[in-house]
Amino acid sequence: MTAAALAKVLGPRLSITLVESSEIGIVGVGEATIPAIALFNKLLKIDENDFLRQTQGTFKLGIEFVDWWEKGHAYMHAFGPIGRDLAYIPFHHYFFKGNALRDHAQGTAGSLWDYSFNWLAAKQARFTRVDRIADTPLAGLTWAFHFDASLYAAYLARFAQGLGVRRVDAKIAEVLLEPERGEVRALRLDDGRELAADLFIDCTGFRGLLIEQALHTGYEDWSNWLPCDRALAVPSARASPLLPYTRSTALEAGWQWRIPLQHRTGNGHVYCSAHTSDERARELLLANLDSQPLAEPRLIRFTTGRRKQLWNRNVICMGLASGFVEPLESTAIHLIQVTIQRLILLFPHRGDVEERRREFNRASQVEYEYIRDFIILHYHANNRVGEPFWDACRNMSIPDSLRHRIEMFRETAGIFCASEDLFQLTSWLQVLWGQGVRPQATHPFVEAVAPHDREGYLRDLRGLFAQATRQLPSHADFIARHCAAATPDVA
Ligand SMILES: Cc1cc2nc3c(=O)[nH]c(=O)nc-3n(C[C@H](O)[C@H](O)[C@H](O)COP(=O)(O)OP(=O)(O)OC[C@H]3O[C@@H](n4cnc5c(N)ncnc54)[C@H](O)[C@@H]3O)c2cc1C
């Protein structure tokens, strides 16, 4: 991603070498994205249909969370808006007014997700590209993608090479430091070659070969809040219908992902090794597959947290080398994308770069911390009483920033987001509400709309969303028509 973006933006003014080792390979997971990836594709001028064809990709309208609040309960973090705001007051205040706030019983206003076009389409496995619901001011669908991680990496490597990036397939044997300033001077490859450069982007995954092993930058460990530390990943056969969303199902000591692709389904069990064994995790993963496994589950170990500085001396780290929050909200590829964007904005092209480096590190830290809080919310606000892992998550102390958010919502359904917060109001709303956090009151200005008018407004909205959903084609048909992979390997 980094080589492709830099080559696209700065072209022949930079000489870029991409070093990767086919012997080591890539982590091979990371197959679900969020809608902002469209900006990255736009930057590269990637044709969306071609990209989906080459990566066996599908569309993603949100993430369904099954059994997270308590067993038997499900909700979705759907992309796109929910309802429609009125006179500066966010929609959910009107919705809550017509509903029983403190329990999960539905009032006359139906479910919160009856006002999400994305949720309605997702649950009916429908999709088309639609910007706006015809003859209304209501937004259309908002989508991201699922894709095969290995095909995506190969696709971007080809793309970057087409833009003049030199690709070297070799192992880095040693990182050579310049003795005075302690910067990285060159990389020595296992065939003896030396690659010198002005700037090094460390994309070596969890190893952090340059940023950590050579520069000892340090890692802020977040396992006290995000205790899952292992994942078992396994592909299984393609299942029908082809769902346009990711599913995350809470299990005894973690959760399982399900990512539908054109040629297979990606699955993985993320779990906490202090609360369960690898054997039990494997057993649960395989028992919860809805199609035939296509390989043996593969174990991946990680520690949640972030690198203390993403830019240290002349090394900038990207991806897993920069940290790992949790795969729960598919944020890692997005973090790569925004770090690339920041690198382009603050590119070290002249003189002293100290102030730019400081800004780079500050912004990266804030961004990571907002995402961290959002993920912790899913674990912490649970009602799975009597299960040791979930009891520990519910009873743990949480960051003050998150405690403040939850209290604001509990008091008056208030949700306030900073511009650097990746997840904005509708995301926080769905997860707070979905995880059972209940406000005690709504905004007083909602009273300005008479109950009869409010109910009519909500009814009309529900009707428009339901009607628009019925007109959408199925997700599988849309893929078959516009972006089917050339050789679909439907196992
Ligand atoms: C369990 C799990 C689930 C995830 N799910 C999601 C998701 O749904 N959505 C999402 O956005 N993200 C997800 N991620 C994160 C995502 O997988 C990564 O952000 C993404 O794959 C980028 O990885 P990377 O390039 O940083 O590391 P890697 O894929 O590990 O790549 C490291 C590269 O460095 C090279 N390398 C390493 N050492 C050397 C060496 N000595 N010499 C030469 N080359 C070397 C390797 O060959 C490889 O090319 C998930 C991560 C995990 C662990």
Side-chain angles (χ1 to χ4, degrees), residues 1-4 17-37 40 60 63 144-154 156-157 160 167-175 187-191 193 195 200-214 226 228-234 245-248 254-261 266-271 281 285 297-304 306-307 310 316-340 371 375 422:
M1 287 176 77
T2 312
T17 304
L18 164 67
V19 185
E20 56 185 343
S21 157
S22 47
E23 202 180 305
I24 295 174
I26 60 164
V27 69
V29 281
E31 309 203 311
T33 57
I34 58 172
I37 194 168
F40 186 72
K60 173 180 171 186
I63 307 175
F145 310 103
H146 302 119
F147 48 64
D148 180 311
S150 299
L151 295 178
Y152 185 54
L156 286 181
R167 179 171 177 272
V168 175
D169 187 345
K171 263 200 217 167
I172 300 162
E174 199 182 347
V175 178
L187 306 176
R188 179 171 297 134
L189 306 181
D190 60 353
D191 59 11
R193 266 181 297 170
L195 297 177
F200 292 84
I201 316 289
D202 184 347
C203 304
T204 59
F206 289 127
R207 293 167 193 80
L209 211 60
L210 286 73
I211 196 79
E212 197 56 54
Q213 291 188 34
L226 296 168
C228 287
D229 57 353
R230 288 184 192 186
L232 278 164
V234 69
Y245 60 91
T246 304
R247 180 176 293 143
S248 159
W255 59 278
Q256 182 158 334
W257 79 73
R258 181 189 183 282
I259 296 176
L261 303 175
N267 310 274
H269 182 184
V270 175
Y271 57 98
L285 169 67
R298 192 164 52 88
L299 179 67
I300 301 163
R301 291 185 168 82
F302 57 85
T303 305
T304 55
R306 68 168 189 96
R307 198 70 58 202
L310 267 64
I316 290 171
C317 57
M318 293 276 177
L320 299 173
S322 73
F324 188 48
V325 186
E326 250 265 5
L328 190 56
E329 284 280 357
S330 323
T331 44
I333 292 172
H334 176 77
L335 278 168
I336 298 173
Q337 182 185 326
V338 287
T339 309
I340 293 169
I371 293 174
I375 309 288
L422 168 61

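Every number for a ligand or one of its atoms is a count from 1 in the order of the listing.
Between I172 and ligand 1, a contact under 3.5 Å exists for at least one N or O pair.
For the pair T304/C228, no side-chain contact is recorded, criterion being any heavy-atom separation below 4.5 Å from C-beta on. L210 places a side-chain heavy atom less than 4.5 Å from the side chain of L187. In this structure, the side chains of I63 and W257 stay at 4.5 Å or more apart for every pair of heavy atoms.
Interatomic distance, CG of L226 versus CZ of F302, reported as 9.0 Å (0.5 Å rounding). If you take NE2 on H334 and CD1 on I371, they are separated by 6.0 Å, rounding to the nearest 0.5 Å. Separation of atoms CG (L310) and CD1 (I316) is listed at 9.0 Å; rounding is to 0.5 Å. Note that CD1 of I333 and CZ of F145 are 12.0 Å apart. Values are rounded to the nearest 0.5 Å. Within the model, atoms NZ of K171 and CG of D191 stand 12.0 Å from one another, a figure rounded to the nearest 0.5 Å.
Ranking the protein heavy atoms by distance from atom 26 (O) of ligand 1 puts L320 N, 2.8 Å first. If you check which protein heavy atom lies closest to atom 14 (N) of ligand 1, you get G30 CA, 3.7 Å. Here the heavy atom of the protein found nearest to atom 2 (C) of ligand 1 is V29 CG2, 3.5 Å. Of the protein's heavy atoms, S21 N, 3.5 Å lies nearest to atom 44 (N) of ligand 1. Looking only at protein heavy atoms, the nearest one to atom 10 (C) of ligand 1 is A32 O, 3.5 Å. Nearest non-hydrogen protein atom to atom 20 (C) of ligand 1 is I336 CD1, 4.4 Å. Nearest protein neighbour of atom 30 (O) of ligand 1, counting heavy atoms only, is V27 N, 3.4 Å. Scanning all protein heavy atoms for the shortest distance to atom 19 (O) of ligand 1 gives A332 CB, 3.4 Å.
Of all the heavy atoms of R207, the ones lying under 4.0 Å from any atom of ligand 1 belong exclusively to the side chain.
Using bins of under 30°, 30° to 60° and over 60° for the plane-to-plane angle, the ring pair F324/F206 lands in the perpendicular bin.
The distance from ligand 1 to the heavy atoms of W257 drops below 4.0 Å at these ligand atoms: 1 (C), 3 (C). If you number the atoms of ligand 1 from 1 as listed, the ones under 4.0 Å from a heavy atom of L209 come out as 40 (C), 41 (N). Close contacts of ligand 1 with K171, meaning ligand atoms under 4.0 Å from a residue heavy atom, involve 42 (N), 43 (C). Numbered from 1 in the order shown, with element, the atoms of ligand 1 that lie under 4.0 Å from a heavy atom of S330 read 9 (N), 11 (O). Here is the list of ligand 1 atoms found below 4.0 Å of a heavy atom in I333: 10 (C), 11 (O), 12 (N). Close approach to A231 involves these atoms of ligand 1, each under 4.0 Å from a residue heavy atom: 1 (C). Proximity to E31 (heavy-atom distance under 4.0 Å) selects the following atoms of ligand 1: 7 (C), 8 (O).
Sorted pairs that involve residues 200-210 and meet salt bridge (Lys or Arg N to Asp or Glu O under 4.0 Å), not counting sequence neighbours, are lacking altogether.
Nearest-heavy-atom check against atom 46 (C) of ligand 1 across G25, G323, G205, G28 picks out G25. Scanning A173, G319, P327 for the heavy atom closest to atom 4 (C) of ligand 1 points to P327.
Under a 3.5 Å cut-off, the side chain of E31 and the backbone N or O of D148 do not form any donor-acceptor pair. Listed for the R230 side chain is no donor-acceptor partner under 3.5 Å among the backbone atoms of L299. Without hydrogens or angle criteria, K60 side chain to T33 main chain gives a donor-acceptor distance under 3.5 Å. Judged by distance alone, with hydrogens and angles left aside, the side-chain atoms of D190 form no donor-acceptor pair with the main-chain N or O of A173 at under 3.5 Å.
C203 counts as a contact of ligand 1, since one of its heavy atoms falls under 4.0 Å from the ligand. In this structure, A149 has no heavy atom closer than 4.0 Å to ligand 1. Heavy atoms of A170 come nearer than 4.0 angstrom to ligand 1 in at least one pair. A heavy-atom separation below 4.0 Å is not found between T33 and ligand 1.
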